[in-house]
Amino acid sequence: MQDDQRELESGEGEVPTEAREQDKTTAEILRERRVAAQGGPHIDHDIHFSLPLTRVFIAIVAVAAISYLLSIVGGRMGVEALFYGGRWACSLLFIVAVPVWFASRHQAKVLTDEKYADQRAMARAAADRRAEKRRAKKKRAKSHR
């Protein structure tokens, strides 16, 4: 027991399952239960970042950042065309980036739903069975009164 405690304090030992469960916050426990009940994440990040629209979004944001830097350089050098042009380009690119981001999120959500459809269907069926058992139990309890 004392050896285990020393290993834990030194960081050499493995934390027991009960200790890990106790260290989790209520929010973490609820999140794990919700994900388990839903059958997976709403948006799979691997799917999301492999989509072409997400890559386009990253490119748009990078070009917007470069145009902003060019506008700063233009402002320092006194070139008004570069200053104002860079600011306008940056603003317009960020405005375009927002719908592109939401479109890619929507695509990822649809693809994630397809990926986890079987898992979620089984979880829903199990939840329905549990609910049916509870209803039947309540009905029997009422009929015995």
Distance (rounded to the nearest 0.5 Å) between R76 CZ and L82 CG: 13.0 Å

F83 with V73, same ILVMFWY side-chain cluster at under 4.5 Å: no

Joint hydrophobic cluster, L53 plus I58, side-chain heavy atoms closer than 4.5 Å: yes

Test item: T54 side-chain N/O and H48 main-chain N/O as donor-acceptor pair under 3.5 Å: yes

Least distance between heavy atoms, R87 atom then S71 atom: NE-OG, 3.0 Å

Cluster check V56, F94: I/L/V/M/F/W/Y, side chain < 4.5 angstrom: yes

Just distance, no hydrogens or angles: give the donor-acceptor pairs under 3.5 Å from side chains in residues 61-68, sequence neighbours left out.
residue: S67; atom: OG; partner: V63; partner atom: O; Å: 3.4
residue: S67; atom: OG; partner: A64; partner atom: O; Å: 2.8
residue: S67; atom: OG; partner: C90; partner atom: N; Å: 3.3

E28, CD: over 12 other non-hydrogen atoms inside 6.0 angstrom: yes

Would you mind writing out the side-chain donor-acceptor pairs for residues 125-137 within the sub-3.5 Å range, not counting sequence neighbours?
residue: E132; atom: OE1; partner: R135; partner atom: NH1; Å: 2.9

Between CD1 on residue I47 and CD on residue E114, distance to nearest 0.5 Å: 9.0 Å

Cluster link I72 to M77, ILVMFWY, side chain under 4.5 Å: no

For the student: nearest non-hydrogen atoms of L51 and A108, plus distance: CD1-N, 3.6 Å

More than 12 heavy atoms of other groups within 6.0 Å of F49 CZ: yes

Close side-chain approach of W101 and I60, heavy atoms under 4.5 Å: no

Distance, nearest 0.5 Å, that separates CD1 of I43 from CG of D113: 9.0 Å

